[in-house]
Amino acid sequence: MNSTTRSSGGWKWALIPTLVVSALLFAPLAVLLRLSVTAGGGMNGGSGFYEAGTWTLTVWRKLLRDPYFQEVCLFTVQLGLVVTAVCLLVGYPVAIAIRGATPRWKPWLLAGIVIPKLSNLLVTVYGLKLILGDHGPVNRFLSFVGVTIVPLALQNNLAGVIIGKTLLVLPYTVLFLWIGLEQIDRRIPAAARGLGASRWQTFRLVTLPLSLPALHAAALISLIWACGAFISPYLLGSPQQITLSVDVQRQMFDNRNWPRAAAEGIALVALISIISSTAAAVGRWLQSRSGHTL
Amino acid sequence: MLRLENVSCHYGEGVVAVKDLNLTLEQGEFFCLLGPSGCGKSTLLSAIGGYMTVQSGSISIGGKDVTMAMPDRRDTAIVFQSYALFPHLTARDNVAFGLRVRGIGKTERLRQADEMLDWVRLSKEERTRRPRELSGGQQQRVALARALIVKPQLLMLDEPFANLDRLLREELRDELRTIQRESGITTLLVTHDREEAFDLADRLAVMDSGRLLQVGPPEETWRAPASTVVARFLGYRNIFQIDSVVGRSVVVGDTRKTILLPDTSAELAKSSRHLIIRPEIADIRPISEGSGGSGMIGSVTGSRFSGAQRSLFIALEDGPDIEVSSPKPFQKGTRVVLALEDSSIHFLNE
């Protein structure tokens, strides 16, 4: 009885933030939805950004049949998956290293991961442009040691996007993995070693399966961030390979086609929802499977 | 079998957990390390298992120096206090783990795991469960089976019964002893529970502040504790510092209180620093029964009943307060006479 009262009270308190968050999420979406079914806009003859008060499905009909839009969607998802994979591959060893660090070193390593996130996004990306540029330290070093003769193109192409996006997403990946790894009782891998397992066997048979929930969470958060990529493809990528976010910006400011931009915005939210729920389902399936194997 | 020579371990910076320790275990021996929490006994176990580097000294197992060897190259197995079972594996797969990493095929390792689980008496149905679906006692059995299946030269147990209720603890203790005797495996058990150590050990060591204070068979250690620290840890209460000896009277502590010794003990008292009155041998009679002979007079100030045992608290006239065990109950306030024999007293030179 008592606990029922208490839990219902807690629910009431949770209601307020839930409503605030939902309002902030769904109200703009509702506005976008309304905008996406208006006529006009863009270079297709309209005068303004859109024609207020009109109702039409023209934009949606065109959009779903547009091969360019499909290409952009495909690239967005592919980029998201690649960046997620790179983040997990790079982030996992980093997270393991942080977990294994002594109490004296741990705060410094964590700070190293988090501090880049405290600086302005544009500053970070422009800094990256300098570093990756033809006369930047990376290319100078490569030509100095004789690996390359012509500077490597590390920006305004796919490599630049992947490097940039990875650097922006990686802190989240590492933090999620690290928190998950810290949850594993250190005596469990220690017990495996004592039973004769080598370091690699301990990792493969104990640490890795026990860190699956953390990998799952880290993969999800990385995927969501990576699919919403805007700044990196905009500033570091090739103009021919753009993500949905970048195209939304183009439709709004270059093409002045607000209905289309709105429709693409909604498509992006839908795309991320589909990808993340698929990833979540795959993750759950993998975890339930791994538990039974030995 | 196991030989520790001048082993020292530091914890963190400068905190010495084990100091210059020497210990040798015989093949097939059941050895208990008994000590209060923080005495360094678990650290020593970690060092022997290879989870901690020793700062100095050497460790050899089965004649092989393993001081610098990794845990998987030591031929030991530890049952941790928390059991540290693999939460993602079934009980059966937990037990088979040690064989899996040795490259033994699935059929064979599961057959051996089943054999081992028969031995620790875990039912067929319980074997397919994950650790969190098992009770504390069942988890303990799985942990033991998992350690034994790799046939280690040395089995180490770190407070293996600490998380279990008393009844189960005693039951599993009996089982562990049976299994140890049958397998003949050299076993090192760490505990803070003296009853457990007395019950299980062929030999035991009392450890404090990183050192072994006394090593020997349980009965011998109980009969003749070497120091007040050991005596206190073994559960002795009536420990008094000898101030001076006048005839048969010993003045104890700085309170000018006296204890009346049997004739034959008086001489020994002169060369000793402390004396212990054993709780179980004091001869107590109510004073009304007409006390014959000499003795100390006191009155009962209270008692404590714990089933198998009854303790009486007695305030001696002219003497200190003491605690003795008594088969008979006494009313609070009863005046009693208490006669000590030679065997009731243990002298300490320290």
Side-chain angles (χ1 to χ4, degrees), chain A residues 92 95-97 99-109 177 179-219 282-294, chain B residues 12-13 42 45-46 48-52 69-104 106 109-110 113 128-133 142-143 145-152 154-156 158:
Chain A
Y92 200 94
I96 293 252
R99 171 190 151 86
T102 59
R104 183 193 282 188
W105 280 99
K106 197 171 277 183
W108 295 104
L109 290 174
L177 285 173
I179 291 165
L181 286 170
E182 286 284 351
Q183 306 296 315
I184 301 172
D185 182 346
R186 277 155 202 270
R187 282 165 297 197
I188 292 172
R193 297 280 282 142
L195 291 167
S198 63
R199 277 177 201 278
W200 169 245
Q201 283 174 322
T202 304
F203 173 74
R204 191 168 58 87
L205 299 173
V206 178
T207 310
L208 185 62
L210 289 180
S211 66
L212 277 182
L215 265 171
H216 185 187
V282 169
R284 273 196 300 275
W285 178 74
L286 277 177
Q287 274 179 59
S288 70
R289 237 178 61 97
S290 75
H292 292 288
T293 53
L294 185 104
Chain B
E13 272 143 51
S42 293
L45 221 62
S46 298
I48 298 170
Y51 299 108
M52 236 186 136
M70 297 305 285
D72 54 331
R73 294 271 172 272
R74 293 197 176 210
D75 211 1
T76 61
I78 298 192
V79 173
F80 290 90
Q81 183 175 350
S82 61
Y83 313 135
L85 294 175
F86 306 123
H88 59 303
L89 302 180
T90 63
R92 211 157 159 242
D93 287 335
N94 259 282
V95 175
F97 185 87
L99 300 180
R100 183 177 193 198
V101 298
R102 281 167 177 72
I104 292 168
K106 190 165 186 167
R109 68 174 182 255
L110 290 179
T128 59
R129 296 196 191 147
R130 305 278 169 83
R132 63 169 177 278
E133 297 154 354
V142 174
R146 185 179 71 169
L148 286 170
I149 202 167
V150 301
K151 299 195 171 61
L154 176 67
L155 173 68
M156 294 190 280
D158 188 0

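- Options B:Gly50, B:Ser82, B:Ala143, B:Ala147 differ in how many heavy-atom pairs under 4.5 Å they form with chain A, and the most are formed by B:Ser82.
- Contact annotation for A:Ile188: both backbone and side-chain heavy atoms come within less than 4.5 Å of a heavy atom of chain B.
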inquiry  = Quick one, A:His216 with A:Val282, criterion side chain to side chain contact (heavy atoms under 4.5 Å, CB included). Give me CA distance, side-chain angles, the key distance, then yes/no.
reply    = CA-CA 9 Å; A:His216 185 187; A:Val282 169; over 6 Å; no
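- Of the listed residues (A:Arg193, A:Arg187, A:Gln201), the one with the most heavy-atom contacts under 4.5 Å to chain B is A:Arg193.
- A donor-acceptor contact shorter than 3.5 Å is absent between the side chain of B:Tyr51 and the backbone of B:Leu45.
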task = Please step through side chain to side chain contact (heavy atoms under 4.5 Å, CB included) for the pair B:Leu154 and B:Asp75, ending with a clear verdict.
result = CA-CA 7 Å; B:Leu154 176 67; B:Asp75 211 1; over 6 Å; no
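- For B:Leu85, the part lying near chain A is the backbone, with the side chain staying farther off; criterion is any non-hydrogen pair under 4.5 Å.
- Residues satisfying the side-chain contact (heavy atoms from CB on, under 4.5 Å) criterion with A:Ser211, sequence neighbours excluded, are A:Tyr92, A:Leu181, A:Ile184, A:Leu208, A:Leu215.
- With a threshold of 4.5 angstrom between heavy atoms, A:Ser198 approaches chain B through its backbone and through its side chain.
- For A:Arg284, there are no salt bridge (Lys or Arg N to Asp or Glu O under 4.0 Å) partners, not counting sequence neighbours.
- In this structure, chain A has heavy atoms under 4.5 Å from both the backbone and the side chain of B:Arg146.
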